[in-house]
Amino acid sequence: MNAVRTPGFTLTENASLRDRNTLRVDARAAWLAEIHDVEAIPDLLDRPPLRDRPTLLLGEGSNVLFAGDFDGVILTMKTRGVDILADDSAATRIRVAAGEHWDDFVRWTLAHGHAGLENLILIPGSVGAAPMQNIGAYGVEVGEFIESVEAYDLQRRHHSAIRNTACEFGYRDSIFKRNPDRWLITAVTLRLPREWKPRTEYSGIQEELQRTGLTRPASIHIADAVVALRTRKLPDPKVIGNAGSFFKNPLVPATQAAALRAEHPQLPTWPAPNDTSKLSAAWLIESSGFKGLREGDAGISNRHALVLVNHGHATGAQLWALAQHVREGVRERFGVELESEPRVIGA
Ligand SMILES: Cc1cc2nc3c(=O)[nH]c(=O)nc-3n(C[C@H](O)[C@H](O)[C@H](O)COP(=O)(O)OP(=O)(O)OC[C@H]3O[C@@H](n4cnc5c(N)ncnc54)[C@H](O)[C@@H]3O)c2cc1C
């Protein structure tokens, strides 16, 4: 195995990805580059394996499915650091390096008295990947707090700072998601306003708080409620390989949602912009009989119908085949197309 080590990066040939994706798929990359210093990126890009092979950006692999090996160079940010840029009566502005672990960062903000990110606690993955799909949970999205994103433009080969509006954040969407592997995100600056209101619209959070008897919860209590909910509902990737919700809630024309509701009154739907409605993918999958399904070591969680799981030694191809099987079943039964949330590589 070939390896190149410099102070700014390490480059390893034929690298195993098994411990670098939470579905625990045993795939390999032709080369893997771990970046410790953003200033070293131009030098890295001039190295021979990068000059003539495709690149793929990877964080902690909690939102990817390697359906096969990757015959190119994987770039992964290993930079660390959390810096308060400003802290006044209006807001706290914090710059975080891409290689930081998102959940550690959320806990750091709460421990230092900065409220805002509590609903996003316990989401796996790196800070660098958070803007990519505008991570969201329990009624809050990270894009609400992002002031700017620092990224290295791999096409034009320069560092850039991208302001919030230019990130074009949407539901599990951003300019980065629509242009994968163009911008290597190197740091994120967040603005957490001092004025804070608990975000408890999500009924599960309300129920959790009622159980504790708190009527005026602080951010830390919301965080505790979210941790309790997530721990109960979502399988832990350390225990069983998974990538969280594998399917997005589909958006369909409002008329189609109304017709489906007329036939299936229990189908949960939510109004969405531009005369569309969001449908519950979990309900569609469960009602098609797939919850708890197992084909070899590939399965659909019996706790949550959106979660594709690896019971042990499923290959990426087997997991992808099962996901296709679920999509076809839902399409046949309800005429609705499911899209996968994680990025599928090598399908
Ligand atoms: C149990 C579980 C629960 C989850 N719950 C949620 C949830 O509630 N809400 C939610 O939104 N997501 C959730 N996810 C998905 C996942 O946690 C997020 O998408 C997370 O941001 C992925 O981070 P990562 O570092 O693992 O990225 P990876 O999986 O490594 O990569 C994800 C995408 O980001 C790109 N990327 C990674 N790093 C960079 C970078 N530095 N620059 C540019 N692009 C980059 C990759 O190319 C890829 O397209 C969950 C996942 C699991 C396993």
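All ligand and atom numbering here is 1-based and tracks the order in the structure.
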Do I345 and L17 belong to the same hydrophobic cluster, where Ile, Leu, Val, Met, Phe, Trp and Tyr are linked whenever their side-chain heavy atoms lie under 4.5 Å apart, directly or via other members?
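Yes.
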
Identify the closest protein heavy atom to [atom]: which residue and atom is it, and at what distance?
atom	answer
atom 27 (O) of ligand 1	A129 CB, 3.3 Å
atom 47 (O) of ligand 1	L57 O, 2.6 Å
atom 51 (C) of ligand 1	S62 O, 3.5 Å
atom 31 (O) of ligand 1	V64 CG1, 4.0 Å
atom 25 (O) of ligand 1	S126 OG, 2.6 Å
atom 53 (C) of ligand 1	G244 N, 3.2 Å
atom 33 (C) of ligand 1	M132 CG, 3.8 Å
atom 20 (C) of ligand 1	P124 O, 3.4 Å

Plane angle bin for F176 and F169 - parallel if under 30°, tilted between 30 and 60°, otherwise perpendicular:
tilted

Out of all atoms in ligand 1, which are within 4.0 Å of some heavy atom of [X]? Include the element for each.
X	answer
L58	30 (O), 37 (C), 38 (N)
A137	8 (O)
W183	42 (N), 43 (C)
N242	1 (C), 53 (C)

Please determine whether side-chain hydrogen bond (donor to acceptor under 3.5 Å, both in side chains) holds for the pair W196 and E118, giving the CA-CA distance in whole Å, both sets of side-chain angles, and the decisive distance to 0.1 Å.
CA-CA 11 Å; W196 175 81; E118 54 282 348; 2.7 Å; yes

For the pair N14 and R28, evaluate side-chain hydrogen bond (donor to acceptor under 3.5 Å, both in side chains) and give the outcome as yes or no after the intermediate values.
CA-CA 6 Å; N14 189 22; R28 299 195 84 80; 2.8 Å; yes

For [Y], is there any backbone N or O sitting under 3.5 Å from a side-chain donor or acceptor partner on [X]?
X	Y	answer
N310	L23	yes
W102	L120	yes
D181	L57	yes

Min N/O separation [X] to ligand 1 under 3.5 Å:
X	result
N134	no
G61	yes
P237	no
M77	no
I185	yes

Indicate yes or no: does [X] engage [Y] in a salt bridge with an N to O separation below 4.0 Å.
X	Y	answer
E195	K197	no
R327	E339	no
D83	R93	no
E286	K291	yes
R24	D19	yes

Is the distance between the ring centroids of F334 and W283 less than 6.0 Å?
yes

If we only consider heavy atoms of [X], is any one of them less than 4.0 Å away from an atom in ligand 1?
X	result
F176	no
R172	yes
A243	yes

From the candidates [options], the one that places a heavy atom nearest [atom]:
atom	options	answer
atom 7 (C) of ligand 1	G136, G99, G59, G125	G136
atom 6 (C) of ligand 1	R230, K177, E141	R230
atom 29 (O) of ligand 1	I74, N21, I121, N63	N63

How far apart are the C-alpha atoms of R182 and D153, what are their side-chain angles, what is the distance that settles it, and do they pass the side chain to side chain contact (heavy atoms under 4.5 Å, CB included) test?
CA-CA 6 Å; R182 170 160 179 196; D153 185 337; 2.8 Å; yes

Short version for W102: what comes under 4.0 Å of ligand 1, heavy atoms counted, is neither

